Amino acid sequence: MRNKLEKKINENWTFRKVSDKKWLKAHVPGCVHTDLYENKIIPDPFYGTNERDLQWISDENWEYKTILDLDDEFINKEVQLLTFYGLDTYAKVYVNGKLLIESNNMFHPWTVSVKNIFQLGENEILVLFESPIQKILPKMSKMDYELPADNDQIKKTSPHTRKAPYHYGWDWGPSFATCGIWQDVKIIAYDLFTIKNVYVDQKEIEPDNAKIKISVTISSEVESDVELLIVEPKSKINISKSVKLRKGKNNFHRVIEIISPDLWWPNGHGAQNMYVFEISVKDNDCIDIKKVKTGLRDFKVQLEKDGDGNSFAFMVNGKSIFSKGANWIPGDSFTTRMTKDIYKQLLKNAVNANMNTVRVWGGGIYESEDFYDLCDELGLIVWQDFMFACSLYPGDDNFLESVKKEAEYQITRLRNRPSIGLWCGNNEIAVAWHNWGWKEKYPESVFVKDYKNLFHDFLPKLCLTLDPSRLYWPSSPGYDLSLPQTGQELNKGDVHYWGVWHGGDELYSFSENVGRFMSEYGMQSFPNPATVDYFCPSEEQDINSDIIKSHQKASLGNGNIMKYILMYYNEPKDFSSFVMLSQIMAGEAIKVAVESHRISMPYCMGSLYWQLNDCWPGASWSSLDYFGNWKALHYYAKKFFNPLLICADIQSEIVNFYVVNDGELIKKSKILIELYDIKGTLVFEEIVVMDINANSSTNVYSDKKDKILNGLNAKNVMLRTSIDVGGAIVSTNDYFFEKTKYLNMDVQNFNVNVEKADACYNIDIESKSFLNRFYALCLNDSGVFSDNYFNMLPGEKRRIQFIPSEKFNGSTKFDPCLEFNSVLGLCS
Ligand code: BMA
């Protein structure tokens with residue numbers, strides 16, 4: 001057999017600063033910052049104010065080298081290729097002294113023929129990385145104006161370089177414009193043919209029949225008669241066909257039908273069924289095999305004119321799905337540290353908080369195969385941005401040529417995945433043009449020519465050719481497929497609402513600004529106390545200390561966090577109380593937002609808060625901190641994204657109660673509306689018995705606020721709403737008629753008892769006073785509590801569980817360091 005050879009060459013790499021003598025051990029995939037750190041040349045970039053002192057790294061040139069031993073078998077092959085799956089970013093690759101690659105884009109692979117360059121025995125591969133900053137500065141100095149890049153904290157070179165925008169800094173992350181071989185390096189050699197690509201195009205997917213078209217691209221060195229096989233065990237597909245290969249590129253396709261397919265569903269709506277297609281090409285001498293795993297589903301984004309404007313709603317297998325989730329940013333400033341386990345922890349936690357969607361936001365990276373594998377497996381719909389965010393970009397041919405290669409590669413790589421819902425051109429560029437003063441500042445041609453060309457012509461055409469079944473949406477937020485004349489429209493398309501936080505508005509503004517699909521809105525908070533300890537010694541833990549401020553990248557910063565806390569709470573006692581109150585504040589804020597979005601369905605059909613995760617330990621809008629700890633917001637999210645939700649709108653004189661149901665019809669449920677005074681006495685009660693319709697939001701009860709209060713002081717009461725199905729409370733939600741700081745709360749008093757059970761800890765809480773947002777915190781593990789941040793009436797008893805993270809499973813040595821408190825205990 002003349003087998004195809006494929007080998008990773010990630011071993012035995014060394015690196016050095018170009019002006020240095022000594023070569024040091026390097027990691028591939030990796031980057032220069034982590035290599036320097038591992039060699040103890042630099043301290044932890046995330047600690048203290050180290051970020052500031054490490055800026056020199058991105059101004060230097062670095063080189064990486066390895067020696068590769070090759071035998072006859074490789075050297076005698078007809079085709080010999082060297083592929084760098086990711087070079088970040090300006091690299092010159094020399095093989096045995098010969099320059100073979102000059103890269104300028106980290107988002108697509110670089111492949112080169114090494115036939116007659118590789119030799120028997122030792123071969124040297126040398127990669128020289130030029131500073132991404134210094135490379136661009138001369139070009140910028142010749143331009144009439146600087147392209148906007150507000151988040152770029154280095155030298156505003158980022159729009160010119162196809163490199164992850166957040167590497168240059170963002171309002172939640174540091175500036176480390178790193179470089180390195182950030183993806184696998186491979187050598188591939190064959191004599192006859194190779195399968196270049198398999199595309200499973202889901203033509204028509206219906207419950208009783210799936211029609212799919214399988215297209216196979218084969219590259220051949222010879223003319224030959226071969227057998228093409230398509231095998232899929234679950235559907236018993238076994239097709240064999242004799243085909244003739246021509247020299248060069250060959251395309252074959254075959255339409256297949258699967259009767260009664262097992263469909264793929266987003267989380268919460270059904271199973272994530274998958275099919276594995278194995279495609280092989282063989283002759284007597286040689287075989288090449290490619291496997292494609294996919295889920296069959298009909299996915300559409302409904303953009304329809306209706307009485308309110310234009311809808312924006314996901315339809316999966318004919319069912320309208322309310323999209324619940326958050327925006328995803330890269331999980332590390334140095335993405336090569338992301339392992340499958342870390343991805344799994346983060347994305348599983350998204351699912352554990354009842355999410356069904358993540359938006360891969362355009363200022364980061366096109367994510368790894370692990371990421372999308374997990375989204376497919378977990379049922380997370382991916383809103384996939386192209387990597388353009390909050391900047392204007394060059395419009396010259398070289399730039400477009402580079403983007404073409406990038407987009408072609410990424411679309412082809414991801415189009416077989418059931419989780420990918422839509423492509424989106426960019427993040428916030430159109431809205432910035434219209435609303436951030438760009439229109440007044442830059443030549444019109446940058447928008448009506450360059451922007452239009454890239455996002456309204458070039459990218460949509462590529463998507464249409466390579467992935468015709470998916471929507472291409474030019475920009476988020478956006479309201480139309482044509483070049484927008486205004487920033488965003490509440491009644492059309494998707495909306496980023498930042499009146500709360502950036503605009504300083506109070507929380508009720510969320511309910512006054514509900515769009516058709518809310519793809520961004522947020523409230524900042526600090527990470528968990530143990531995470532703060534990771535980067536800041538206790539004596540520096542102060543809202544105004546240099547270290548704390550250096551881990552806060554948003555322009556409005558800690559002052560804005562404090563401003564929001566003080567709108568609703570009394571002053572935090574100390575720094576750690578500030579940290580915890582900031583988290584509770586974020587939970588309360590996003591709860592108001594999401595509830596107003598969900599009760600507005602089907603007018604509003606999506607709610608993705610900003611942001612799910614972090615790339616370093618610092619202040620941000622995230623609900624999971626850098627180490628994967630659940631911040632208060634994540635516990636709130638689990639409840640406000642619960643498939644069955646009861647909530648109240650208490651803004652006006654009439655209080656409206658709603659039940660939102662993402663699931664099937666529920667017969668004879670009991671809706672309980674109860675008002676308790678702060679001593680725990682039930683003072684008002686209303687019970688509504690009803691059937692809850694499938695996939696609906698229903699106004700189940702309305703009453704005058706005065707009637708519910710019945711003469712009681714609004715500062716002394718709590719409204720508790722619940723749904724009882726078959727004798728079990730399946731959803732509950734509390735409200736107050738006054739801001740927390742005005743509530744009359746007694747001195748906080750409670751008992752807690754912790755006992756170890758099999759794989760968890762049982763925590764029994766007994767309240768002796770009214771407890772506002774009682775919480776438990778584990779200071780030495782990122783494990784999760786079964787419930788958290790809830791209100792307790794005096795005399796109430798509750799049991800919650802603490803489930804330690806997987807690393808402690810079965811460990812007898814683990815002793816959780818638990819802390820318990822509530823809002824009153826945090827305020828002075
Ligand atoms: C959004 C995002 C990000 C930013 C966030 C918070 O608009 O698109 O650019 O980090 O706001 O300001």
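Heavy atoms only: backbone and side chains are in, while hydrogens, waters and symmetry mates are out. Here the structure is a predicted model, which means the values were calculated and not measured. Start at 1 and go down the list; that is how both ligands and their atoms are numbered.
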(request) Would you confirm whether the ring centroid of H551 sits within less than 6.0 angstrom of the ring centroid of F46? (result) no
(request) Provide, to 0.1 Å, the distance between atom 7 (O) of ligand 1 and the closest protein heavy atom, together with that atom's residue and name. (result) E428 OE2, 2.3 Å
(message) So if I count the atoms of ligand 1 from 1 in the order they appear, which ones are less than 4.0 Å from some heavy atom of N427?
(response) 8 (O), 9 (O)
(message) Need the ligand 1 atom indices (1-based, order shown) with element for anything under 4.0 Å from a heavy-atom of W361.
(response) 2 (C), 3 (C), 8 (O), 9 (O)
(request) Please answer whether the main-chain N or O of S519 pairs with a side-chain N or O of N327 as donor and acceptor at a distance below 3.5 Å. (result) yes
(request) May I ask whether W621 has any heavy atom positioned less than 4.0 angstrom from an atom of ligand 1? (result) yes
(message) Main chain of A389, side chain of Y393: is a donor-acceptor contact present, judged purely on distance under 3.5 Å?
(response) yes
(request) Would you please classify the geometry between the Y472 ring and the F386 ring as parallel, tilted or perpendicular, with 30° and 60° separating the classes? (result) tilted
(request) Could you list which atoms of ligand 1 come closer than 4.0 Å to a heavy atom of W170? (result) 3 (C), 4 (C), 9 (O), 10 (O)
(message) Once you restrict to heavy atoms under 4.0 Å, what part of C390 touches ligand 1? Side chain, backbone, both or neither.
(response) side chain
(message) Please determine whether salt bridge (Lys or Arg N to Asp or Glu O under 4.0 Å) holds for the pair D546 and K549, giving the CA-CA distance in whole Å, both sets of side-chain angles, and the decisive distance to 0.1 Å.
(response) CA-CA 5 Å; D546 202 15; K549 284 204 312 214; over 6 Å; no
(message) Is the contact between Q611 and ligand 1 made by the side chain, the backbone, both, or neither, using heavy atoms and a 4.0 Å cut-off?
(response) neither
(message) Just to confirm my output: which protein heavy-atom neighbour is closest to atom 12 (O) of ligand 1, and how far is it?
(response) D171 OD2, 2.5 Å
(message) Can a donor-acceptor pair be found, under 3.5 Å and without considering hydrogens, that links the side chain of S545 to the backbone of E540?
(response) yes
(message) Looking at F107, is its backbone amide N or carbonyl O close enough to the side chain of Q410 to form a donor-acceptor pair, meaning the two atoms are under 3.5 Å apart?
(response) yes
(message) Return the closest protein heavy atom for atom 2 (C) of ligand 1 as residue, atom name and distance.
(response) E520 OE1, 3.2 Å
(request) Give yes if a backbone or side-chain nitrogen or oxygen of W172 is under 3.5 Å from a nitrogen or oxygen of ligand 1, and no if not. (result) yes
